[in-house]
Amino acid sequence: MAQINDHYLKLKAGYLFPEIGRRVKKYCETHPDANVIRLGIGDVTEPLPPAIVQAMHAAVDEMASRDTFRGYGPEQGYDFLRQAIVDNCFANRGCQVDADEVFVSDGSKCDTGNILDIFGNNNVVAITDPVYPVYVDTNVMAGRTGQADESGRYAGLVYLPVTAENNFVPELPAQKVDLIYLCYPNNPTGTVATKETLQKWVDYAKSHDAIIFFDAAYESFISNPEIPHSIYEVEGAKDVAIEFRSFSKNAGFTGTRCAFTVVPKTLQGKSADGSHHSIHALWNRRHCTKFNGVSYPIQRGAEAAYSPEGKSQIAELIAFYMQNATLLRDGLQKVGIQVYGGQDAPYVWLKTPNNLTSWAFFDHLLESSHLVGTPGSGFGAAGEGYFRLSAFNSRANVEEAVDRIQKLLT
Ligand SMILES: *Cc1c(COP(=O)(O)O)cnc(C)c1O
């Protein structure tokens with residue numbers, strides 16, 4: 001009989017979103033008339049911006065004619081997109097990133113998981129808690145952890161709590177770590193990192209020979225001009241950081257799939273014999289071996305995100321979601337709920353009222369107000385007592401949700 005990867009058996013069975021789905025389904029079956037509003041899963045709700053759709057249509061037409069048809073493209077992405085990314089995400093912010101340091105892919109979720117392929121299993125991994133569950137689970141699958149305890153914490157991982165007590169700024173690890181996951185603006189807490197905070201991490205990484213995985217999937221939701229959009233805005237980051245970006249949340253590509261990862265050529269790792277090697281070369285090898293490129297029409301669509309029309313349409317989308325976030329923040333604060341985030345990110349992170357556990361508040365909100373959010377404890381032990389609401393929804397749903405929460409709590 002074929003042997004399985006036993007590390008998969010360590011994964012906690014009730015992954016967060018399936019468990020939410022199970023509870024909501026059960027409730028809806030017994031209460032078919034309830035008008036349930038979902039502010040849970042972090043998926044966008046608005047359609048693709050017209051400039052992007054137009055570019056995709058034109059590219060599909062090119063594929064329909066022998067003269068302009070394209071087969072396999074470069075695995076790393078077409079030059080037109082890699083260059084547009086450099087010009088519009090990095091050069092414009094004073095960051096020195098070369099087009100051949102940009103790897104276009106079908107998603108940041110995949111990239112943040114796949115990056116582990118090129119790193120050895122003896123690395124000590126630090127993650128913030130609460131955290132985007134993908135970082136944890138992919139390390140479990142790769143065999144970098146032991147078993148989980150009751151709170152869901154895996155042996156072998158270094159957890160860095162982020163709570164109201166430390167103002168959602170993780171402390172540097174007390175021990176030496178080799179790989180560090182940072183996500184800013186943060187999912188799930190909706191909080192951001194200042195330049196000083198990121199500098200502290202880059203300095204730590206430099207002095208401990210560590211590498212930072214910086215997930216900036218939500219950078220376009222930043223409105224505060226003091227907050228960096230890229231880790232490469234920080235001095236020295238190109239020697240220690242890989243950055244993950246996605247078109248999912250800004251341009252609505254969650255169902256279309258396009259993202260990119262920046263792997264600087266200056267980044268080094270060491271082999272078992274102690275010699276130094278280019279991380280860029282390893283990632284390039286991995287990418288070309290296991291991936292065959294994002295489809296041409298999708299890359300043309302992504303390129304259009306940087307056209308003048310594309311930019312202004314995306315800015316409108318972001319403004320729309322961020323008005324939702326403001327409505328949620330203000331509405332909750334009015335009834336005395338302590339809220340965090342939601343100013344430079346599309347997530348509002350709240351302290352559960354009356355010290356309810358995250359899941360108790362989830363059930364209460366579902367049963368009394370027919371609202372679905374995401375229990376903080378599902379993102380990690382330190383998320384217990386917190387709850388996430390997403391601003392990705394229609395205006396009518398957000399207004400109705402605020403109204404219901406206010407009625408519930410007054
Ligand atoms: C949504 C999200 C992404 C984007 O993932 P894609 O696979 O590109 O859709 C990446 N990181 C975080 C933290 C996210 O919430």
Side-chain angles (χ1 to χ4, degrees), residues 37-60 80-81 84-93 104 107-108 184-187 190-192 215-230 244-260 294 297-332 339 341-348 388-402:
I37 297 180
R38 288 159 219 261
L39 297 157
I41 296 184
D43 193 359
V44 297
T45 52
E46 300 307 299
L48 291 171
I52 290 175
V53 174
Q54 211 173 12
M56 288 178 181
H57 276 302
V60 170
F80 64 77
L81 180 55
I85 288 168
V86 165
D87 295 344
N88 292 282
C89 297
F90 301 108
N92 63 327
R93 307 196 68 86
V104 176
S108 281
Y184 289 108
N186 189 256
N187 177 11
T191 56
V192 288
D215 185 344
Y218 297 96
E219 64 75 31
S220 47
F221 294 86
I222 295 171
S223 59
N224 181 344
E226 303 291 312
I227 300 296
H229 287 236
S230 165
F244 302 92
R245 294 270 191 114
S246 174
F247 293 93
S248 282
K249 309 296 161 48
N250 60 339
F253 274 51
T254 53
T256 311
R257 314 303 307 142
C258 196
F260 61 93
V294 172
I298 299 303
Q299 292 194 59
R300 281 293 183 202
E303 179 193 27
Y306 302 117
S307 70
E309 302 77 35
K311 279 183 184 169
S312 80
Q313 289 161 8
I314 286 174
E316 266 175 55
L317 266 183
I318 304 260
F320 170 76
Y321 290 129
M322 289 312 294
Q323 278 158 20
N324 284 347
T326 302
L327 287 172
L328 287 169
R329 269 183 66 91
D330 293 352
L332 294 169
V339 297
Q343 287 174 310
D344 296 288
Y347 297 116
V348 173
R388 191 190 77 174
L389 292 177
S390 157
F392 294 127
N393 220 314
S394 67
R395 182 59 43 81
N397 275 353
V398 168
E399 284 171 348
E400 171 70 19
V402 168

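A quick note: this is a predicted structure, and the numbers were derived from the prediction, not measured.
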Counting only heavy atoms from other residues, nucleotides and ligands, does the tally under 6.0 Å from CD of Gln54 exceed 12?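 Counting other residues, nucleotides and ligands, CD of Gln54 stays at 12 neighbours or fewer.
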Answer yes or no: is there a side-chain heavy-atom contact under 4.5 Å between [X] and [Y]?
| X | Y | result |
| --- | --- | --- |
| Asp87 | Asn92 | no |
| Ile298 | Arg257 | no |
| Ile318 | Asn250 | yes |
| Tyr347 | Leu389 | no |
| Phe253 | Ser246 | no |
| Val44 | Ser248 | no |
| Met56 | Ile52 | yes |
| Leu332 | Val348 | yes |

Can you list everything that forms a side-chain hydrogen bond (donor to acceptor under 3.5 Å, both in side chains) with Gln343? Sequence neighbours excluded, please.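 By the side-chain hydrogen bond (donor to acceptor under 3.5 Å, both in side chains) rule, Gln343 matches no residue at all.
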Distance check, rounded to the nearest 0.5 Å: [X] atom [atom1] versus [Y] atom [atom2]?
| X | Y | atom1 | atom2 | answer |
| --- | --- | --- | --- | --- |
| Tyr321 | Glu46 | OH | CD | 4.5 Å |
| Asn397 | Leu39 | CG | CG | 7.0 Å |
| Ser220 | Lys249 | OG | NZ | 10.5 Å |
| Arg245 | Asp215 | CZ | CG | 10.5 Å |
| Leu317 | Ser312 | CG | OG | 10.5 Å |
| Phe221 | Ile227 | CZ | CD1 | 16.0 Å |

Please determine whether side chain to side chain contact (heavy atoms under 4.5 Å, CB included) holds for the pair Ile85 and Val104, giving the CA-CA distance in whole Å, both sets of side-chain angles, and the decisive distance to 0.1 Å. CA-CA 10 Å; Ile85 288 168; Val104 176; 4.3 Å; yes
Ring centroid separation for Phe260 and Phe244, is it under 6.0 angstrom?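 So the answer is no for these two rings.
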Which heavy atom in [X] sits nearest to a heavy atom in [Y], and how many Å separate them?
| X | Y | answer |
| --- | --- | --- |
| Ala259 | Ser108 | CB-N, 3.4 Å |
| Leu48 | Gly252 | CD2-O, 3.3 Å |
| Gly342 | Ala325 | O-CB, 3.5 Å |
| Gly40 | Arg388 | O-NH2, 2.8 Å |
| Ala84 | Tyr306 | CB-CD1, 3.8 Å |
| Ile222 | Pro228 | CD1-O, 3.4 Å |

Main-chain N/O of Ala391 paired with Asn324 side-chain donor or acceptor, under 3.5 Å: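 Judged by distance alone, yes, a pair lies under 3.5 Å.
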Ignoring hydrogens and angles, tell me if any N or O in the side chain of Gln299 forms a donor-acceptor pair with the backbone of Leu81 under 3.5 Å.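 No: the side chain of Gln299 does not pair with the backbone of Leu81.
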Applying ring pair (Phe, Tyr, Trp, His ring centres under 6.0 Å) to Tyr184 and Tyr218, what does each step give before you reach the verdict? CA-CA 7 Å; Tyr184 289 108; Tyr218 297 96; over 10 Å; no
Thr191 side chain to Asn186 side chain, donor-acceptor N/O pair below 3.5 angstrom: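 Side-chain D/A pair, Thr191 to Asn186: absent.
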Ignoring hydrogens and geometry beyond distance, is a side-chain donor-acceptor pair present between Thr45 and Asn393 at under 3.5 Å?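 No, Asn393 and Thr45 have no side-chain donor paired with an acceptor closer than 3.5 Å.
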Identify, with sequence neighbours excluded, every residue that meets ring pair (Phe, Tyr, Trp, His ring centres under 6.0 Å) alongside Phe80.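 Partners of Phe80 by the ring pair (Phe, Tyr, Trp, His ring centres under 6.0 Å) criterion, ordered by chain and then number, come out as Tyr78.
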Test side-chain hydrogen bond (donor to acceptor under 3.5 Å, both in side chains) on Asp43 and Thr254 and set out the steps. CA-CA 7 Å; Asp43 193 359; Thr254 53; 2.7 Å; yes
Which residue pairs pass the salt bridge (Lys or Arg N to Asp or Glu O under 4.0 Å) test when at least one of the two sits in residues 298-321, sequence neighbours left out?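 Qualifying pairs: Arg300-Glu303.
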